[in-house]
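Counting starts at 1 for both ligands and their atoms, in listed order.
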Amino acid sequence: MLQLSFALTRHVLLRKKILASCKRPAVFMSTLLINQPQYAWLKDLGLKEENEGVYNGKWGGRGEIVTTYCPANNEPIARVQQANLEDYEETIKKAKEAWKTWADVPAPKRGEIVRQIGDALRQKIQVLGSLVSLEMGKILVEGVGEVQEYVDVCDYAVGLSRMIGGPVLPSERPGHALIEQWNPVGLVGIITAFNFPVAVYGWNNAIAMICGNACLWKGAPTTSLISVAVTKIIAKVLEDNKMPGAICSLICGGADIGTTMAKDERVDLLSFTGSTKVGKQVALMVQERFGRSLLELGGNNALVVFEDADLNLVIPSALFAAVGTAGQRCTTARRLLLHESIHDEVVEKLSKAYAQIRIGDPWDSNTLYGPLHTKQAVTMFLHAVEQAKQQGGSVVYGGKALNRSGNYVEPTIVTGLPHDASIVHTETFAPILYVLKFKTEEEAFAWNNEVKQGLSSSIFTKDLGRIFRWLGPKGSDCGVVNVNIPTSGAEIGGAFGGEKHTGGGRESGSDSWKLYMRRSTCTINYSKDLPLAQGIKFQ
Ligand code: UN1
């Protein structure tokens, strides 16, 4: 009864709110967004009120039903039925079986199918980008941008499908050939995070596929609709090519499914993107069975600005890196190290730039800054700001939650903290930038490296010697080392990932493909003699 009256009160209040907003039609709030006329485009992605969250050539799902919410207003979008452990068992068996077919397809032909997946994504880029914006909460250009990353990595993988391979090495024995052969690992488990619900799967999926692997994807439960929509696009391409759909299986689920994947010997490589805390548990579970993992964990990325820097580059770079995606990229700049001679000027200019940020609905093309993904993220943000104050920081911009519906907080700048304050060394997945004042290059490089994480880093300078010191052995210890550009927004052509507590994995471009394959060193004797290596005579 109490529940019912609460629901009715909420209903009346929300109805009033909607009627007050001329943008939205007067519908009951209990109605899922998918049933409202302005969200009819969700159906172009094959989504319904209730969706099946398991795909293994057939759609299904017998687990919990999860509703996903729009972070900009916390209204329910639609529902996805997740996997239970029986679904998992059935799906992994089908994926293993599908692999047998896929592994026999020549790599350039696999590339051709990946090319078709890229094309299918291209055709849906706007609508899929809009779903990212609606369900994850990032602004539309960034939502479309991450679908573009998937498209780009498909193109990249198509080329790669004709290039992967190993060398023929000189054998020390006459009549012998020494060859490196690369084979797929088999089944690649891919666990992705809410913040890049399309691109991170794309980097893994396109490369894993051309290498000859089957994939088993578990996205974040809060972005389940995106996982379903992406899988529908891929499934159609596989089915049109008469390939088993289970080559790209989907298993929507929570921690129980993730843990099962980590412990399962049938998962030959587990690619995990998420927090350092969970990543460590995953790594230990995989290592326990001598499995292979590829970890892309937290960052605590610094922008280091020297006295000779071009401030016309620094201000927009810091703005994009710290405020883009509302501070929810693992490459987000969390620390801004300023030379003491320019500290005050940069803080002033940056605060002015922050004041220009257009906050609004993420799907509105005028908006530059949207909500955090969840209510819990708002709580974490407020807690971190409190900690920063307690540890001696001054909030010179922002610091508060916004008084509007949805999970909005003010982009925030904190100055005056010691470089080694515990909050500065903590990755809070929110738009808080800690500004630190340094005196020397040595000090700045040391501060860049003193955090546990090692993902991304940037310096701003015109000094050529300093640039090469930054790239060299005593420079940045991160996986992404930039000069005069932001810490975030890496291109797909390079290997992406970081050192230390970031986990050491590399995804996407360059030779990251090697992680998705196993290498065999093959020696073939084509002579009639049996010379042993190292000149050993054993007679
Ligand atoms: C992530 O935040 O998990 O470099 C990945 C970037 C993006 C990828 C971020 N290309 O910011």
What protein heavy atom sits nearest [atom], and how far away is it?
atom: atom 9 (C) of ligand 1; result: Phe196 CE1, 3.6 Å
atom: atom 6 (C) of ligand 1; result: Gly489 N, 3.2 Å
atom: atom 7 (C) of ligand 1; result: Arg329 NH1, 3.8 Å
atom: atom 3 (O) of ligand 1; result: Cys330 SG, 2.7 Å
atom: atom 11 (O) of ligand 1; result: Thr331 OG1, 2.6 Å
atom: atom 8 (C) of ligand 1; result: Trp203 CH2, 3.6 Å

Evaluate [X] for polar contact with ligand 1, using N/O atom pairs at a separation under 3.5 Å.
X: Ser488; value: no
X: Asn195; value: yes
X: Ala490; value: yes

Check: Given the rule in the side-chain contact (heavy atoms from CB on, under 4.5 Å) test, do Leu294 and Leu270 qualify, once you have shown the distances and angles that lead to the verdict?
Finding: CA-CA 6 Å; Leu294 192 173; Leu270 185 61; over 6 Å; no
Check: Hey, is NZ on Lys500 packed in by over 12 heavy atoms from elsewhere, all under 6.0 Å?
Finding: yes
Item checked: Flag if over 12 foreign heavy atoms under 6.0 Å of NZ, Lys514 -> yes
Checklist line | Numbering as shown, the atoms of ligand 1 that approach Glu296 to under 4.0 Å (heavy-atom distance) | finding: 3 (O)
Margin query: Tell me whether the rings of Trp513 and Trp182 are parallel (<30°), tilted (30 to 60°) or perpendicular (>60°).
Written below: perpendicular
Item checked: Shortest non-hydrogen contact between Ile233 and Ala120, atoms and distance -> CG2-CB, 3.6 Å
Check: Considering all heavy atoms of both residues, which atom of His501 and which atom of Thr276 are nearest to each other, and what is their separation?
Finding: O-OG1, 3.1 Å
Notebook entry, point to check: Relative to Phe306, does Arg466 satisfy both conditions: NZ or CZ under 6.0 angstrom from the six-membered ring centre, and within 45 degrees of the ring's axis?
Noted result: yes
Margin query: Check for me whether Glu491 has a heavy atom closer than 4.0 Å to any atom of ligand 1.
Written below: no
Notebook entry, point to check: Ile492 and side chain to side chain contact (heavy atoms under 4.5 Å, CB included): which partner among Ile207, Val151, Asp155, Asp152?
Noted result: Asp152
